[in-house]
Undergrad: 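Below is a structure I'd like to ask you about.
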Protein chains: 2
Amino acid sequence: MSPRKPSTKDLTKEMIVNEAHKQFITKDFQQISMRSIAKELGCSHGAIYYHFKNKAEIFYAILSDYFFELNNTLDENMNGPEDHDTKLLNVFVGFMAFGLNNQSQYELMFIMRDSEIDGLSQEAANLSYEKFAQSVRFLSTTELLISDIHSTFIALHGFVAHYRHYVKNYEEAKEAVDVHAKFLMKALTFRE
Amino acid sequence: MSPRKPSTKDLTKEMIVNEAHKQFITKDFQQISMRSIAKELGCSHGAIYYHFKNKAEIFYAILSDYFFELNNTLDENMNGPEDHDTKLLNVFVGFMAFGLNNQSQYELMFIMRDSEIDGLSQEAANLSYEKFAQSVRFLSTTELLISDIHSTFIALHGFVAHYRHYVKNYEEAKEAVDVHAKFLMKALTFRE
DNA sequence: CTCCTTATTGACCAGTGGTTAACAATAAGT
DNA sequence: ACTTATTGTTAACCACTGGTCAATAAGGAG
């Protein structure tokens, strides 16, 4: 009647997620197959479907960690000791750096809208945006329009979406990131 | 000794491209298969490989038309009768409208960096960007930094990449497009 | 030792892009 | 007309993909 003890479990959700995550560092969502995960885990790919309903569910479990990390980065940049302008710049740079250093993950978080991941991560994406918007509003020295904050976010997103094709990590685009961040600072500072 | 005359050709490159293009209006690259094209054309999918070396080659043939259309749109907006500021705004709006009205195509032109399409369309994408940059430089009332133009392009790209998830065409995002375009105008106009 | 639940396997499905031997169809040379 | 070279086309095949599911192994509870 009572459930079997989890003492001698061979395959756990954690193991699956870990393996998927491991492959996720170097490959993207589409390049990782249920079979490649199973093979590395030494089990059949069918076994994974006992623990996860589908491929998307595994990767959503991973993505939530990355959303957490992105939110954390935002917080850290906001609570630094610098003046507001510097911190605002750091928020911009931090967002772009995150995107460029976690390209496969960023793709799934904000760029892909493929099938089932959708409904799951969209909420988290909106939450991250809200956090971003609040940070920017708080750090700005002038009263900002919501639309300006939104445009700024879109411009940051555009940077990551564009540069991920040309660059492997933040380091390789450091200068361009800085220039873009300063451009957005200029745009936000403008008063007519 | 001489090649067979093309008089009684059943299957032509044009027919294949047309069918692929037809499906490309409502489906995206990944959803269209060699078999779905062949089925509609009443031939085997193997036959297509006689005319095109792979799937990417078919879609590149289609994309070149869309790059042409985008460049045309840029020209039209630039050669209008309005004043420079209005035309510059039209260039921004025109780019976003193109992206939102041709989402599957825009994805392949600027967002996807999937396998073989890459090398082929990257050149065309760079050319389109050059055209955009020249237009902006010409239309601007003040001397612009190259980096500012680049940031502007990236911001426009970000808008399309973001809104394509929420909107089916330009009409549905008209207001947001306008707001974003004006934000970028502000950013470019700013002098410190 | 019998249940009964959990976990796992491996065959299977329908689909993908791509390759290739075989073959049909047509043209030109003799 | 017969042969031959070339062009197109087919259909079987390959190695994959995500996903399903009956059979089955493994272990705890009574």
Side-chain angles (χ1 to χ4, degrees), chain A residues 1-20 23-24 27-63 104 108 112-120, chain B residues 1-20 23-24 27-63 104 108 112-120:
Chain A
M1 261 348 178
S2 78
R4 178 176 158 190
K5 274 188 185 172
S7 56
T8 50
K9 261 189 192 170
D10 286 2
L11 192 60
T12 62
K13 282 200 172 198
E14 208 191 347
M15 286 168 62
I16 297 168
V17 167
N18 282 349
E19 176 56 34
Q23 299 192 20
F24 205 22
K27 292 186 243 175
D28 60 45
F29 178 72
Q30 314 232 40
Q31 291 173 319
I32 302 170
S33 68
M34 294 290 113
R35 281 169 174 84
S36 77
I37 297 172
K39 191 176 185 178
E40 214 65 28
L41 248 34
C43 69
S44 70
H45 78 282
I48 299 178
Y49 285 91
Y50 179 81
H51 300 275
F52 291 94
K53 107 172 200 289
N54 55 33
K55 189 180 169 184
E57 205 176 84
I58 302 176
F59 284 84
Y60 174 64
I62 300 174
L63 282 199
S104 297
L108 227 53
M112 265 181 65
R113 184 62 82 235
D114 192 76
S115 63
E116 297 89 357
I117 292 270
D118 215 22
L120 299 164
Chain B
M1 250 9 168
S2 76
R4 178 175 159 188
K5 274 190 185 171
S7 57
T8 49
K9 262 187 191 170
D10 286 1
L11 192 60
T12 63
K13 283 201 174 197
E14 208 191 348
M15 285 168 64
I16 297 168
V17 167
N18 282 349
E19 176 56 34
Q23 298 193 19
F24 205 22
K27 292 186 242 176
D28 60 44
F29 178 72
Q30 316 232 39
Q31 291 173 319
I32 302 171
S33 68
M34 294 290 114
R35 282 170 174 83
S36 77
I37 297 171
K39 191 175 184 178
E40 214 65 28
L41 248 35
C43 67
S44 71
H45 78 283
I48 299 178
Y49 285 92
Y50 179 81
H51 301 275
F52 292 93
K53 107 173 200 286
N54 56 31
K55 189 180 168 183
E57 206 176 84
I58 302 175
F59 283 84
Y60 174 63
I62 299 175
L63 282 199
S104 297
L108 227 54
M112 265 182 64
R113 183 62 81 240
D114 191 77
S115 63
E116 297 90 355
I117 292 271
D118 215 22
L120 299 164

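Letters go in sequence order (proteins before strands), and every chain restarts at 1.
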Undergrad: Based on the rotation axes of five pairs at each end, what angle does the helix from C:dC1-D:dG30 to C:dT30-D:dA1 bend through, to 10°?
TA: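 Computed angle between terminal axes is 30°.
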Undergrad: With sequence neighbours excluded, what pairs up with B:Lys39 under the side-chain hydrogen bond (donor to acceptor under 3.5 Å, both in side chains) test?
TA: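 Per chain and number, B:Lys39 pairs via side-chain hydrogen bond (donor to acceptor under 3.5 Å, both in side chains) with no residue.
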Undergrad: Report the distance from atom OH of A:Tyr49 to atom C1' of D:dA23, rounded to the nearest whole Å.
TA: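 Distance, rounded to whole Å: 20 Å.
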Undergrad: Sequence neighbours excluded, which residues qualify as ring-ring contact (aromatic ring centres under 6.0 Å, His included) partners of B:Phe24?
TA: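 For B:Phe24 the ring-ring contact (aromatic ring centres under 6.0 Å, His included) partners, ignoring immediate neighbours, are B:Phe59.
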Undergrad: Expressed in angstrom and rounded to an integer, what is the separation of A:Lys55 atom NZ from D:dC16 atom P?
TA: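 Roughly 15 Å, once rounded to whole Å.
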Undergrad: List for me each residue that meets side chain to side chain contact (heavy atoms under 4.5 Å, CB included) alongside B:Asp28, sequence neighbours excluded, and say none if there are none.
TA: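 Per chain and number, B:Asp28 pairs via side chain to side chain contact (heavy atoms under 4.5 Å, CB included) with B:Gln30, B:Gln31, B:Ser104, B:Glu107.
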Undergrad: Please list, by residue number, the residues of residues 31-46 of chain B whose heavy atoms come closer than 4.0 Å to an atom of DNA chain C; answer none if no residue qualifies.
TA: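 Contacting residues: B:Ile32, B:Ser33, B:Met34, B:Arg35, B:His45.
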Undergrad: Taking OP1 and OP2 of C:dT8, is either one under 4.0 Å from a side-chain nitrogen or oxygen of A:His51?
TA: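 Yes, within the criterion.
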Undergrad: Side chain to side chain contact (heavy atoms under 4.5 Å, CB included) with B:Ser44: which residues, sequence neighbours excluded?
TA: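 Side chain to side chain contact (heavy atoms under 4.5 Å, CB included) list for B:Ser44, sorted by chain: B:Ala47.
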Undergrad: Distance check needed: C:dT16 C1' versus B:Phe29 CZ, whole Å only.
TA: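 Atom CZ in B:Phe29 sits about 12 Å away from atom C1' in C:dT16.
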Undergrad: Kindly give the heavy-atom pair with the smallest separation between B:Lys27 and B:Ile32, and that separation in Å.
TA: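 Heavy atoms only, the tightest pair is CB-CG1, 3.8 Å.
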Undergrad: Can you tell me how far C1' of C:dA7 sits from CZ of A:Phe52, to the nearest Å?
TA: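 Those two atoms, CZ and C1', are 15 Å apart.
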Undergrad: Between atom CD1 of B:Ile58 and atom NZ of B:Lys53, what is the distance when rounded to the nearest 0.5 Å?
TA: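 If we round to the nearest 0.5 Å, B:Ile58:CD1 and B:Lys53:NZ are 11.5 Å apart.
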Undergrad: Enter the distance from A:Thr12:OG1 to A:Asn18:CG here, rounded to the nearest 0.5 Å.
TA: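 Spacing of OG1 (A:Thr12) from CG (A:Asn18) equals 7.5 Å.
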Undergrad: How long is the gap from NE2 on B:His51 to CG on B:Leu11, to the nearest 0.5 Å?
TA: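 Those atoms lie 4.0 Å apart.
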Undergrad: Measure CD1/A:Ile48 against C1'/D:dT20 and give the value in whole Å, please.
TA: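 To the nearest whole Å, that distance equals 14 Å.
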